[in-house]
Amino acid sequence: MALFRISPPFLAGTNRVTLQMLQVMLAMVPAVIAMVYFFGPAVIINIVLALVVALSVEALLLKIRHRPIKPFISDGSAAVTAVLLAVSIPPLSPWWLTVTGVIFSIVFAKHLYGGLGYNPFNPAMVGYVLLLLSFPLEMTTWLPVLSLADNPLGFADAFHLIFYGETVAGLTPDAVSGATPLDTMKTQIGQQIQPDLIVNQNLFGFVGGVGWEWINIWFLLGGLYLLYKRVISWQVPVAMLGTLFVLSLVTQWFAPDITGSPMFHLFSGATMIGAFFIATDPVSGSTTPNGRLVFGAGVGALTFIIRVWGGYPDGVAFGVLLMNMLVPLVDYYTQPKVYGTSKS
């Protein structure tokens, strides 16, 4: 009698993509809570709106493409894109701005290329840059932190501003918004004001902007959690943050009147979310170990160049997208040697 053995036992496991996306969203929770603490409930409204639109558009496109909806919509990729975009744009962004950015991210930056795993550019940053180039006024109406706000907003006021353009009392976004620390630093340096004097204003804290430095710290801690869980590799964040630090340090030595301190650059704007949550995208980023170092260093260098000499106060999104374009070239020249082969 013949004996048949079936080996190994085939067990259905958890979708690794879903698990990774859940870990990413979990790592962002403390920073999101900090954003709500410093900027108010408008952050929550923006995130919920982005999630609803992203999941709806994702389901619609999957149906149009005759793909199974449940496994793809539950992988978490659309949700991560929505949250990243929602926390990158001003909390009081009008509803149509958020909707436009999310739709463009899901449709043109993701499904146009074939869906998850085929997109050459980071979807959230594609949507962000589209909004920044198309609607610069709306994309620069950031709320001051609540401790510095003349008119702190409750949930009802934030809801009315986002969906109706004014509060119940008739206040418009211009009346409750202000410049970010990065924008203030760039504008006042252009007015020949020394950085050492700029950081003495009440908008600035210990190393960055009031509130912004704590948000960046929480994104840093969330990023360290992702490293601990091995969801991301260390090369991209270390190379990006190291390059940004070195360039700002050298520039401060030789031209201290044109830029802020290295710590200001590290803990302002989108530095930490860019280093740990955006530039580490495994699909649009480099796939080789040395390539990740080159990719991260390129994002850090471009971020610094745009912040100091470019036309925008922050350059993380542009740095990521420009390096996305170079990924095939970077991967080609950083392929590790195949085991057992010689240089020849």
Side-chain angles (χ1 to χ4, degrees), residues 13-35 75-77 79-88 116-117 119 122-125 207-208 212-249 262-304 314-317 319-321 323-324 327 330-331 334 336:
T14 303
N15 187 319
R16 182 164 176 80
V17 174
T18 302
L19 185 60
Q20 287 186 334
M21 295 301 173
L22 287 174
Q23 296 278 21
V24 170
M25 287 191 284
L26 178 64
M28 284 195 288
V29 168
V32 171
I33 293 174
M35 291 189 73
D75 64 15
S77 60
V80 169
T81 296
V83 174
L84 285 175
L85 182 60
V87 299
S88 299
L116 181 66
N119 50 288
N122 185 288
M125 292 301 96
V207 293
W212 290 90
E213 56 193 0
W214 283 105
I215 293 169
N216 272 278
I217 288 172
W218 282 112
F219 274 124
L220 168 62
L221 294 176
L224 294 178
Y225 169 80
L226 293 180
L227 288 173
Y228 171 74
K229 289 293 186 178
R230 297 185 179 180
V231 176
I232 62 175
S233 59
W234 62 268
Q235 290 95 336
V236 171
V238 168
M240 176 184 167
L241 297 178
T243 301
L244 183 59
F245 180 85
V246 170
L247 290 178
S248 55
L249 181 65
M263 297 303 290
F264 173 76
H265 281 284
L266 289 182
F267 292 96
S268 295
T271 300
M272 292 301 172
I273 188 175
F276 291 100
F277 294 89
I278 297 173
T280 52
D281 178 18
V283 177
S284 59
S286 182
T287 58
T288 65
N290 290 335
R292 294 190 190 107
L293 290 172
V294 175
F295 183 88
V299 174
L302 288 168
T303 298
F304 180 75
D314 205 350
V316 172
V320 169
L321 293 181
M323 289 307 298
N324 286 159
V327 163
V330 171
D331 280 353
T334 57

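The two residues A317 and M125 make their nearest non-hydrogen contact at CB-SD, 3.5 Å. Taking every heavy atom of both residues into account, A275 and P237 meet most closely at O-CB, 3.5 Å. Nearest approach of A297 to A239, heavy atoms of both residues: N-CB, 3.5 Å.
The aromatic ring centres of F219 and F277 sit less than 6.0 Å apart.
F276 places none of its side-chain heavy atoms less than 4.5 Å from the side chain of V236. L84 is listed as a side-chain neighbour of M28, based on a closest heavy-atom distance under 4.5 Å. A 4.5 Å side-chain heavy-atom check between V327 and S284 finds every atom pair outside the cut-off. Between S268 and W212, the closest side-chain pair of non-hydrogen atoms is not below 4.5 Å. No side-chain heavy atom of V246 sits less than 4.5 Å from a side-chain heavy atom of F304. You'll find the side chain of Y225 reaches within 4.5 Å of the side chain of Q23, heavy atoms only.
Between atom CG of residue L116 and atom OG1 of residue T81 there is a gap of 8.5 Å, rounded to the nearest 0.5 Å. A distance of 13.0 Å separates CG of L227 from NZ of K229, quoted to the nearest 0.5 Å. The structure places CE of M35 at 7.5 Å from CD1 of I273, a figure rounded to the nearest 0.5 Å. Taking CE of M272 as the reference point, atom CH2 of W218 lies at 14.0 Å (rounded to 0.5 Å). With rounding to the nearest 0.5 Å, the separation of CG in L249 from CG in L244 is 11.0 Å. Taken from CD in E213 to CG in L220, the straight-line distance is 13.0 Å, to the nearest 0.5 Å.
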Full working for side chain to side chain contact (heavy atoms under 4.5 Å, CB included) between V316 and M240 = CA-CA 10 Å; V316 172; M240 176 184 167; 4.3 Å; yes
Could you go through T271 and N216, starting from their C-alpha distance and side-chain angles, then the distance that decides it, and tell me whether this counts as side-chain hydrogen bond (donor to acceptor under 3.5 Å, both in side chains)?
CA-CA 7 Å; T271 300; N216 272 278; 4.8 Å; no
Given D281 and N119, is the side chain to side chain contact (heavy atoms under 4.5 Å, CB included) satisfied, shown in steps?
CA-CA 11 Å; D281 178 18; N119 50 288; 4.2 Å; yes
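D75 and S77 share a donor-acceptor pair across their side chains, judged by distance under 3.5 Å alone.
For the side-chain contact (heavy atoms from CB on, under 4.5 Å) test, residues two or more places apart in sequence or in another chain that qualify with I33 are V29. In this structure L302 satisfies the side-chain contact (heavy atoms from CB on, under 4.5 Å) test together with L322, M323, sequence neighbours excluded.
Proximity of a side-chain donor or acceptor of N122 to a complementary backbone N or O of L321 within less than 3.5 Å is not detected. Remark: the backbone N or O of T334 is not paired with any side-chain donor or acceptor of N290 at under 3.5 angstrom.
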